[in-house]
Amino acid sequence: MRVAFVGPPGAGKGTQAKLAAKGLGIPHISTGDMLRSVVASGSPLGQQAESYMNAGRLVPDPLVLDMLEERLKQGDASRGFILDGYPRNLDQGEALSHLTKLDRVIYFEVGLEDLVTRLVERRTCPKCKSVFNLKTSPPKKAGICDHDGTALIQRPDDRREVVEARFETYQRETLPLLEYYREAGVLRTVKATGGVDEIQSAVRKALGGAI
Ligand code: AP5
């Protein structure tokens with residue numbers, strides 16, 4: 001199954017993509033995680049990407065497309081994949097259509113006002129990419145990843161002022177994709193408010209009970 005998760009920052013795409021990918025036995029491909037690895041490498045490309053990410057803007061399309069194309073060529077993606085964070089504008093949707101055909105696009109519908117708290121309270125493990133939330137899913141030991149003991153960090157783009165810019169980018173660039181995929185007949189909407197388990201079962205239904 002080839003699936004893309006689309007929704008505003010903090011909608012829970014990453015949280016649900018990890019669960020669905022595990023259930024389906026296919027890879028979770030997050031362009032945000034891939035870009036953060038490039039940034040961590042300190043390469044000139046990473047420095048370029050970082051300036052866009054920390055301003056809440058999209059990284060230029062060609063850079064992200066090259067990265068994604070390479071990732072989709074890896075053997076595990078031939079069984080299917082969950083794309084998390086790609087596509088993010090109409091040009092990326094078009095570019096993706098030349099690489100692969102999506103079976104489903106799941107739209108995570110949630111009001112932006114609910115998301116600021118989720119994002120500013122999020123902490124992530126820079127090593128294993130596990131995600132915690134100081135309010136809703138705190139780590140067992142404060143500031144430490146439950147899985148590998150690494151010190152948790154706050155993503156630089158989860159600062160309140162950057163979060164606002166990310167919402168604006170989402171509304172301007174990503175929202176038009178919903179109509180594009182609705183017309184293609186692959187869009188399914190999941191209400192992304194409520195608990196993680198509740199949303200997981202809605203995602204399962206939206207994927208046609210495939211998990
Ligand atoms: P990216 O990493 O993709 O960020 P995003 O789309 O803004 O989404 P987030 O990771 O912030 O949120 P999420 O929906 O995954 O929520 P999560 O599950 O973590 O992109 C970052 C940047 O990279 C972009 O701004 C851009 O610059 C660049 N980029 C990436 N892809 C690109 C592309 N294709 N083109 C160009 N640039 C690109 O959950 C959030 C929090 O809420 C967590 O703390 C979690 O524990 C908690 N939570 C989850 N579910 C629930 C629930 N049901 N109830 C309560 N809390 C919950």
Side-chain angles (χ1 to χ4, degrees), residues 4-21 28-39 45-46 48-69 71 82-96 99 106-112 114-125 129-139 145-146 152-159 162-175 177 190-203:
F5 283 2
V6 175
K13 304 180 297 293
T15 302
Q16 295 296 334
K18 285 189 185 82
L19 294 167
H28 163 213
I29 300 180
S30 156
T31 46
D33 282 349
M34 289 161 83
L35 285 165
R36 280 182 285 280
S37 295
V38 178
V39 169
L45 212 58
Q48 196 196 344
E50 187 176 28
S51 64
Y52 287 93
M53 294 168 82
N54 289 352
R57 294 167 58 200
L58 294 185
V59 173
D61 289 347
L63 199 165
V64 187
L65 181 61
D66 280 355
M67 221 175 54
L68 181 72
E69 203 170 352
R71 180 64 188 88
I82 308 262
L83 283 184
D84 164 15
Y86 197 99
R88 262 181 140 94
N89 60 29
L90 286 170
D91 286 343
Q92 292 187 6
E94 274 296 316
L96 182 63
L99 296 181
I106 308 294
Y107 165 47
F108 285 67
E109 185 183 50
V110 54
L112 297 189
D114 293 333
L115 301 178
V116 180
T117 324
R118 278 198 198 174
L119 290 172
V120 298
E121 302 289 343
R122 173 167 58 186
R123 296 295 179 271
T124 53
C125 173
K129 318 288 182 227
S130 293
V131 172
F132 300 87
N133 190 282
L134 299 184
K135 287 241 165 79
T136 55
S137 52
C145 177
D146 290 353
L152 299 176
I153 57 158
Q154 181 178 36
R155 274 171 44 177
D157 62 345
D158 278 347
R159 285 172 291 126
V162 187
V163 164
E164 300 288 338
R166 287 165 64 198
F167 287 155
E168 279 169 31
T169 301
Y170 169 75
Q171 284 179 302
R172 190 177 58 250
E173 309 224 21
T174 309
L175 271 182
L177 269 176
V190 162
K191 288 224 176 303
T193 45
V196 170
D197 293 349
E198 201 182 324
I199 299 167
Q200 188 186 2
S201 86
V203 169

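Along the sequence shown, residues are numbered consecutively beginning with 1. Order of appearance sets the numbers: ligands from 1, and atoms from 1 within every ligand.
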Among all protein heavy atoms in this structure, tell me which lies nearest to [atom], with the distance rounded to 0.1 Å.
atom                    : answer
atom 56 (N) of ligand 1 : Thr136 OG1, 3.3 Å
atom 43 (C) of ligand 1 : Val131 CG1, 3.5 Å
atom 9 (P) of ligand 1  : Arg122 NH1, 3.3 Å
atom 18 (O) of ligand 1 : Thr15 OG1, 2.5 Å
atom 42 (O) of ligand 1 : Arg118 CD, 3.3 Å
atom 47 (C) of ligand 1 : Asn133 ND2, 3.9 Å
atom 37 (N) of ligand 1 : Val59 N, 3.1 Å

Between [X] and ligand 1, is there a nitrogen or oxygen pair with a distance under 3.5 Å?
X      : result
Gly10  : yes
Ala192 : no
Gly14  : yes
Gly12  : yes
Arg57  : yes
Gly194 : yes

>> Using side-chain contact (heavy atoms from CB on, under 4.5 Å), reason through Ile29 and Met34 one step at a time and then give a plain yes or no.
In response: CA-CA 8 Å; Ile29 300 180; Met34 289 161 83; 3.9 Å; yes
Region of [X] that comes within reach of ligand 1 [heavy atoms, distance under 4.0 Å]:
X      : result
Asp61  : neither
Glu121 : neither
Arg155 : side chain
Leu58  : both
Leu119 : side chain
Thr169 : neither
Tyr170 : neither
Pro9   : both

>> With side-chain contact (heavy atoms from CB on, under 4.5 Å) as the criterion, how do Asp61 and Gln92 come out once you've worked through the C-alpha distance, each side chain's angles and the decisive distance to 0.1 Å?
In response: CA-CA 7 Å; Asp61 289 347; Gln92 292 187 6; 2.9 Å; yes
In Å and rounded to the nearest 0.5 Å, what is the [atom1] to [atom2] distance from [X] to [Y]?
X      : Y      : atom1 : atom2 : result
Leu45  : Glu50  : CG    : CD    : 12.0 Å
Leu58  : Arg166 : CG    : CZ    : 11.0 Å
Ser30  : Ile82  : OG    : CD1   : 12.0 Å
Phe167 : Leu119 : CZ    : CG    : 5.5 Å
Arg118 : Asn133 : CZ    : CG    : 8.5 Å
Phe132 : Glu121 : CZ    : CD    : 15.0 Å

Give the numbers and elements of all ligand 1 atoms closer than 4.0 Å to a heavy atom of [X].
X      : answer
Ile199 : 53 (N)
Thr31  : 30 (C), 31 (N), 32 (C), 34 (N)
Phe132 : 44 (O), 46 (O)
Gly195 : 53 (N)
Gln92  : 33 (C), 34 (N), 35 (N), 36 (C)

>> Taking the side chain as everything from C-beta on, heavy atoms only, tell me whether Ile153 gets closer than 4.5 Å to Thr124.
In response: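 Ile153 reaches Thr124 side chain to side chain.
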>> In the structure I gave you, are the side-chain heavy atoms of Asn54 and Val162 within less than 4.5 Å of one another anywhere?
In response: no
Counting heavy atoms only, name the option from [options] that's nearest to [atom].
atom                    : options              : result
atom 34 (N) of ligand 1 : Gly85, Ala49, Pro87  : Gly85
atom 20 (O) of ligand 1 : Arg88, Arg166, Met53 : Arg88
atom 29 (N) of ligand 1 : Asp197, Leu35, Asp33 : Leu35
atom 2 (O) of ligand 1  : Arg36, Arg123, Lys13 : Arg36

Between [X] (side chain only) and [Y] (backbone N and O only), is there a donor and an acceptor less than 3.5 Å apart?
X      : Y      : answer
Ser130 : Cys125 : no
Glu168 : Arg57  : no
Lys13  : Pro8   : yes

> Is any side-chain N of the basic residue among Asp158 and Arg122 closer than 4.0 Å to the acidic one's carboxylate O?
Replying inline: yes
>> Walk me through whether Leu35 and Met67 qualify under side-chain contact (heavy atoms from CB on, under 4.5 Å).
In response: CA-CA 9 Å; Leu35 285 165; Met67 221 175 54; 3.8 Å; yes
>> How close do Gly10 and Leu115 get, counting heavy atoms only, and between which atoms?
In response: O-CD2, 3.4 Å
>> Which heavy atom of Pro156 sits nearest to which heavy atom of Arg159, and what is that distance?
In response: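 Closest approach of Pro156 to Arg159, heavy atoms only: O-NE, 2.9 Å.
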>> With the threshold set at under 4.0 angstrom, would you say Ser137 reaches ligand 1 through any of its heavy atoms?
In response: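 Distance cut 4.0 Å: Ser137 passes for ligand 1.
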>> Evaluate Leu65 against Leu99 for side-chain contact (heavy atoms from CB on, under 4.5 Å), listing each step before the verdict.
In response: CA-CA 10 Å; Leu65 181 61; Leu99 296 181; 4.0 Å; yes
